[in-house]
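Just below is one structure, and these are the notes that go with it.
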Amino acid sequence: KGSITGRSFLTKNVEYVTDLLKDTRVDYRITNALYNQGFKTIIIVPLTFNDESFGTINIVSQKETYGINEKDKLMAIGKTIGLSIQNSIYIERINKQIEQIGKAKEELTKNIKEYKNLLYYNPYGIIIHKNGIVKYCNHAFLKILEIENQEEILNQNVMPFVHPDSKELVKERIKSNSKATEFIPPV
């Protein structure tokens, strides 16, 4: 049997209590208190959106009867409020996703900084290129070549910095790297 509010919630229909003193679907203490204050009707409006119920609004009224137009208006109000509730749920989910993205960005920034420090302070000379063009070199690499500033070799061809015995291998690696879909270990 259940409560009239539960029925409205489950069926997604407006429910009415038109005889407060005789209707047993509402606790008699509530109906007596409302009746003593001059109320004659309880209207239960489901808050819905896209076939999902979010709750109900219980409206007490001194009016005894309601026409079909009034019922439709109450349903429209319930759907509007249901939409507002749904939007607030979506906004809460979006805010959580934004927060997660922010945390991921912070972690990524931290990892990038650690990676850059690892490269920069590595005692071995390291050069990173993309398709044969120098994109980065660490401090040790600059010291080995007695170069003052990294800017002197950035965006230059990597081949002048490759040992003569490794030039053919590096050329092949550059060609295969540009077509690679998997990781190719460094030389």
Exercise for review: Look only at the side chain of Lys167 and the backbone of Met159, and say whether a donor-acceptor pair between them is shorter than 3.5 Å.
Suggested key: yes

Check your understanding: Would you call Lys103-Glu99 a salt bridge at under 4.0 Å N-O?
Key -> yes

Practice item. Among residues two or more places apart or on two chains, list those pairs meeting salt bridge (charged side-chain N to carboxylate O under 4.0 Å, His left out) that have a residue in residues 82-97. Key: Glu92-Lys96

Review point. When Thr5 is tested against each of Ile44, Ile57, Ile42 for side chain to side chain contact (heavy atoms under 4.5 Å, CB included), which residue passes?
Key: Ile44

Practice item. Report the residues that fulfil salt bridge (Lys or Arg N to Asp or Glu O under 4.0 Å) with Asp23, sequence neighbours left out, ordered by chain and then residue number. Key: Arg25

Check your understanding: What do you reckon, is NZ of Lys63 surrounded by more than 12 foreign heavy atoms closer than 6.0 Å?
Key -> yes

**Study point:** Transitive ILVMFWY side-chain link Tyr121 to Leu119, under 4.5 Å
**Key:** yes

Exercise for review: For Gly55 and Phe9, work out which heavy atoms get closest and say how close.
Suggested key: N-CE1, 3.4 Å

Review point. How far apart are the closest heavy atoms of Leu154 and Tyr136, and which atoms are they?
Key: CD2-N, 3.8 Å

**Study point:** Side-chain heavy atoms of Asn32 within contact of Leu21, under 4.5 Å
**Key:** yes

Review point. Do other residues, nucleotides or ligands put more than 12 heavy atoms under 6.0 Å from the NZ atom of Lys12?
Key: yes

Point to revise | Minimal non-hydrogen separation, Leu20 against Thr31, with atom names | key: O-CB, 3.1 Å

Check your understanding: Does Val162 reach the side chain of Lys171, with side-chain heavy atoms less than 4.5 Å apart?
Key -> no

Check your understanding: Mind checking what makes ring-ring contact (aromatic ring centres under 6.0 Å, His included) contact with Tyr35, not counting sequence neighbours?
Key -> none

Exercise for review: Please examine the side chains of Lys71 and Tyr16, heavy atoms only from C-beta on, and report whether any two atoms are closer than 4.5 Å.
Suggested key: yes

Review point. Are Ile85 and Tyr90 connected in a single hydrophobic cluster, I mean Ile/Leu/Val/Met/Phe/Trp/Tyr linked by side-chain heavy atoms less than 4.5 Å apart?
Key: no

Review point. Is there a donor-acceptor pair closer than 3.5 Å between any side-chain N or O of Thr80 and the backbone N or O of Ala76?
Key: yes

Exercise for review: Could you list the residues that satisfy salt bridge (Lys or Arg N to Asp or Glu O under 4.0 Å) with Glu107, not counting sequence neighbours?
Suggested key: none

Review point. Any link between Ile133 and Ile153 through a network of hydrophobic side chains (Ile, Leu, Val, Met, Phe, Trp, Tyr) touching at under 4.5 Å?
Key: no

Check your understanding: Are Ile77 and Phe54 connected in the hydrophobic side-chain network, where two residues link if heavy atoms are under 4.5 Å apart?
Key -> yes

Practice item. Report yes if the side chains of Asn117 and Lys113 come closer than 4.5 Å at any heavy-atom pair, otherwise no. Key: yes

Check your understanding: For Val134, does its backbone N or O pair with a side-chain atom of Gln156 as donor and acceptor, under 3.5 Å?
Key -> no

Point to revise | Minimum heavy-atom distance Gly132-Ile174, with the two atoms named | key: CA-CD1, 3.7 Å

**Study point:** Rounded distance (nearest 0.5 Å) linking atom CG of Leu145 with atom CD1 of Ile127
**Key:** 8.0 Å

Exercise for review: Side-chain contact test, heavy atoms from C-beta onward, threshold under 4.5 Å: evaluate it for Cys137 versus Leu142 and give yes or no.
Suggested key: yes

Revision key, fill the gap. One should read off an interatomic distance between Ile81 CD1 and Gln86 CD, to the nearest 0.5 angstrom, of 14.5 Å

Check your understanding: Do the side chains of Phe141 and Gln150 get nearer than 4.5 Å, heavy atoms only?
Key -> no

Practice item. Could I get the full list of salt bridge (Lys or Arg N to Asp or Glu O under 4.0 Å) partners for Glu52, not counting sequence neighbours? Key: none

Review point. What's the spacing between Asn87 CG and Ile94 CD1 if we round to 0.5 Å?
Key: 9.0 Å

Check your understanding: Would you find a donor on one side and an acceptor on the other, under 3.5 Å apart, between the side chain of Thr11 and the backbone of Arg7?
Key -> yes

**Study point:** Side-chain donor or acceptor of Ser53 paired with backbone N/O of Thr48 under 3.5 Å
**Key:** no

Exercise for review: Working to the nearest 0.5 Å, report the span between NZ of Lys40 and CG of Leu34.
Suggested key: 12.0 Å

**Study point:** Ser3 side-chain N/O to Gly6 backbone N/O, donor-acceptor pair under 3.5 Å
**Key:** yes

Practice item. First locate atom CD1 of Ile101, then atom CG of Leu108, and finally report the distance between them rounded to the nearest 0.5 Å. Key: 12.5 Å

**Study point:** Ile43-Phe39 co-clustered via ILVMFWY side chain contacts under 4.5 Å
**Key:** no

Practice item. Please report the shortest heavy-atom distance between Glu15 and Ser8, naming the atom on each side. Key: CG-CB, 3.7 Å

Check your understanding: Going by the angle between their ring planes, with limits at 30° and 60°, are His139 and Tyr120 parallel, tilted or perpendicular?
Key -> tilted

Exercise for review: Sorted by first residue and then second, give each salt bridge (charged side-chain N to carboxylate O under 4.0 Å, His left out) pair with at least one member in residues 135-154; sequence neighbours left out.
Suggested key: none

Exercise for review: Find the distance between OG1 (Thr41) and CD (Gln62) and round it off to the nearest 0.5 Å.
Suggested key: 10.0 Å

